[in-house]
There are 2 protein chains.
Amino acid sequence: MRPNKRDELVSKALEVFYRDGFHATGMDKLVVETGVSKTSMYKHFRTKEDLILAALRLRDENFRTWFMRRVSELADTPADQLVASFDALGEWFEEDGFRGCMFIKAGAEFQEKSHPIHLQAAEHKRLILIFYTDLARQAGARNPEALGCQLLLLKEGAIVTAVLVKSCDPAKDAKAAARVLLDSALS
Amino acid sequence: MRPNKRDELVSKALEVFYRDGFHATGMDKLVVETGVSKTSMYKHFRTKEDLILAALRLRDENFRTWFMRRVSELADTPADQLVASFDALGEWFEEDGFRGCMFIKAGAEFQEKSHPIHLQAAEHKRLILIFYTDLARQAGARNPEALGCQLLLLKEGAIVTAVLVKSCDPAKDAKAAARVLLDSALS
DNA sequence: TCCAATGTTTACTGATCGGTACATCTTGTC
DNA sequence: GACAAGATGTACCGATCAGTAAACATTGGA
């Protein structure tokens with residue numbers, strides 16, 4: 001039960017769950033794709049739910065790390081970073097394997113509010129909200145909580161729209177909207 | 001094969017798919033919940049996919065009818081209707097059985113862009129986008145396509161946030177954002 | 001009343017679901 | 001090299017998946 005082996009399994013499972021969905025991905029498929037045996041899989045993870053939770057934890061870490069780093073690379077001041085975050089999103093949308101937000105999908109497939117997977121998806125969004133609220137506060141917004149939530153709306157809407165609506169350029173429109181909302185929150 | 005019987009089945013299937021998800025809902029469960037036999041079910045619908053598509057068609061009709069009617073009840077001018085649409089959304093979020101947007105969930109569970117279910121979900125979003133773009137044009141926005149898309153972002157973001165983030169009042173924040181964006185698009 | 005057509009039910013198919021019992025292999029220790 | 005302990009693979013569990021064949025019930029017209 002080498003710990004790095006476990007990490008490998010989580011990483012591969014994350015990839016397959018993200019690509020094919022949670023209910024649509026059986027443990028047998030994961031066993032084939034990872035090359036490990038079913039018994040080994042269940043030595044590392046008590047249930048499929050445990051594996052999904054581990055994959056979501058990894059995804060949360062990966063995404064937020066990438067997102068925050070990229071935002072800080074793209075702009076220097078909090079105000080500019082608020083706006084630049086939508087450029088970062090736009091880069092993500094253009095990636096080959098882009099399939100929308102894993103946590104929106106997790107929340108959609110496990111809808112009970114008390115379900116551990118639903119709760120973990122909600123926790124990710126809470127952390128993103130905090131990220132935006134902090135930036136809004138540092139930028140000097142009159143009501144950082146309200147602006148943070150509005151930026152979260154734009155981000156989530158942009159992701160959904162990037163998946164489902166071809167005739168839009170959601171990253172561009174969200175960025176423009178963010179600038180307007182920021183200006184309005186500062187004046 | 002009375003046609004109203006078929007409508008009954010679609011209506012019940014819609015309810016169960018919306019509550020429990022698509023992959024998580026087996027035909028056997030639907031057979032039990034509708035009280036009809038499995039063979040009858042498959043006389044009305046060639047495959048499960050056909051049933052899902054029929055349910056989505058009904059949902060599209062129901063939702064857009066309700067949404068547009070409610071918006072026109074809540075305000076008179078196009079500009080006010082743009083803003084009031086988020087009050088309508090807020091009413092929806094407060095309903096007992098609210099479980100987010102069925103089309104976001106359909107797009108999440110059937111991710112291939114060429115899949116008929118994915119395409120139908122995308123079509124619904126396209127119609128909503130047209131609704132907002134038309135209102136933006138009637139309201140006199142400088143760039144109705146851009147404002148329409150931004151309002152769509154707010155709407156989709158508000159739905160996702162209403163499902164996953166408890167600490168927000170997304171309908172309220174989206175409404176405030178819509179007003180700011182509208183003002184900016186008019187001046 | 002008989003027949004044909006239509007709708008419905010029961011009972012089943014092979015495949016796959018999440019999960020496990022048990023045999024086998026590998027590895028560190030003496 | 002002997003042996004115990006942990007990791008791995010094989011082969012299976014009952015339940016459920018989407019879908020179907022064939023018997024049965026119902027209903028219309030002649």
Side-chain angles (χ1 to χ4, degrees), chain A residues 1-57 105-106 108-112 114-118 120, chain B residues 1-57 105-106 108-112 114-118 120:
Chain A
M1 189 126 75
R2 293 160 296 173
N4 54 327
K5 182 70 179 180
R6 188 192 143 103
D7 290 349
E8 256 178 58
L9 294 177
V10 175
S11 175
K12 186 69 187 177
L14 167 55
E15 178 191 324
V16 180
F17 282 136
Y18 182 62
R19 176 176 16 102
D20 299 340
F22 299 98
H23 284 102
T25 300
M27 292 300 270
D28 297 271
K29 193 200 289 179
L30 289 172
V31 159
V32 170
E33 293 234 23
T34 56
V36 87
S37 80
K38 211 165 182 182
T39 312
S40 297
M41 191 68 99
Y42 276 95
K43 275 274 153 47
H44 288 288
F45 310 98
R46 247 187 62 261
T47 62
K48 183 184 181 184
E49 183 179 310
D50 280 0
L51 176 56
I52 293 176
L53 288 170
L56 288 178
R57 266 189 295 271
K105 296 195 281 192
E109 287 204 47
F110 302 89
Q111 305 195 72
E112 277 175 61
S114 62
H115 194 294
I117 295 175
H118 189 97
Q120 190 154 324
Chain B
M1 189 126 74
R2 294 159 295 173
N4 55 327
K5 183 70 179 176
R6 188 193 143 100
D7 291 348
E8 256 177 57
L9 294 178
V10 175
S11 176
K12 186 69 187 176
L14 167 55
E15 179 192 324
V16 181
F17 282 137
Y18 182 62
R19 174 174 18 102
D20 298 341
F22 300 99
H23 284 103
T25 301
M27 292 300 271
D28 297 87
K29 193 200 287 179
L30 288 171
V31 159
V32 170
E33 293 234 21
T34 56
V36 86
S37 79
K38 210 163 183 183
T39 313
S40 297
M41 189 68 98
Y42 276 95
K43 276 273 153 50
H44 288 289
F45 310 97
R46 246 187 62 262
T47 62
K48 184 184 180 182
E49 182 178 312
D50 281 0
L51 176 56
I52 293 176
L53 287 170
L56 288 179
R57 268 190 293 272
K105 296 195 280 194
E109 288 204 47
F110 302 90
Q111 305 196 72
E112 277 176 60
S114 62
H115 194 293
I117 294 175
H118 190 98
Q120 190 153 323

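Lettering of chains follows the sequences in order, A, B, ..., and the numbering in each one begins at 1. Given the structure is predicted, the values throughout are model-derived calculations rather than measurements. Worth knowing before you read on, the calculation uses all heavy atoms, side chains too, and leaves out hydrogens, waters and symmetry mates.
- Remark: K48(A) fails to qualify as a cation-pi partner of F22(A) under the 6.0 Å distance and 45° angle criteria applied to the six-membered ring.
- Across the protein-nucleic acid pair, H23(A) atom NE2 and dA15(D) atom P stand 20 Å apart, rounded to whole Å.
- In this structure, the CE atom of M27(A) is 21 Å from the P atom of dG14(D), given to the nearest Å.
- Remark: C1' of dT16(D) and NZ of K29(B) are 12 Å apart, rounded to the nearest angstrom.
- OP1 or OP2 of dA18(D) lies within a sub-4.0 Å distance of a side-chain N or O belonging to K48(B).
- To the nearest 0.5 Å, atom OG1 of residue T25(A) and atom CD of residue E33(A) are 8.5 Å apart.
- The shortest distance between the side-chain N/O atoms of S37(A) and the OP1/OP2 oxygens of dT8(D) is not below 4.0 Å.
- Here the C1' atom of nucleotide dC17(D) and the CE atom of M41(B) are 15 Å apart, to the nearest Å.
- Counting atom types as modelled, K38(A) pairs a side-chain N or O with a base atom of dG19(C) as donor and acceptor under 3.5 Å.
- Between T39(B) and A24(B), the one whose closest nucleotide on DNA chain D sits nearer the 5' end is A24(B).
- The CZ-C1' distance, from F45(B) to dA18(D), rounds to 15 Å in whole Å.
- S37(B) meets the side chain to side chain donor-acceptor pair (under 3.5 Å) test with S40(B); sequence neighbours excluded.
- Rounded to whole Å, atom C1' of dG7(C) lies 8 Å from atom NE2 of H44(B).
- To the nearest 0.5 Å, atom CG of residue L14(A) and atom CG of residue L51(A) are 9.5 Å apart.
- Comparing V36(B) and Y42(A) by the nucleotide of DNA chain C that holds the closest heavy atom to each, the one mapping nearer the 5' end is V36(B).
- Rounded to an integer number of Å, the gap from CG of D20(A) to P of dC17(C) is 11 Å.
- In this structure, the CG atom of D28(A) is 15 Å from the P atom of dC13(D), given to the nearest Å.
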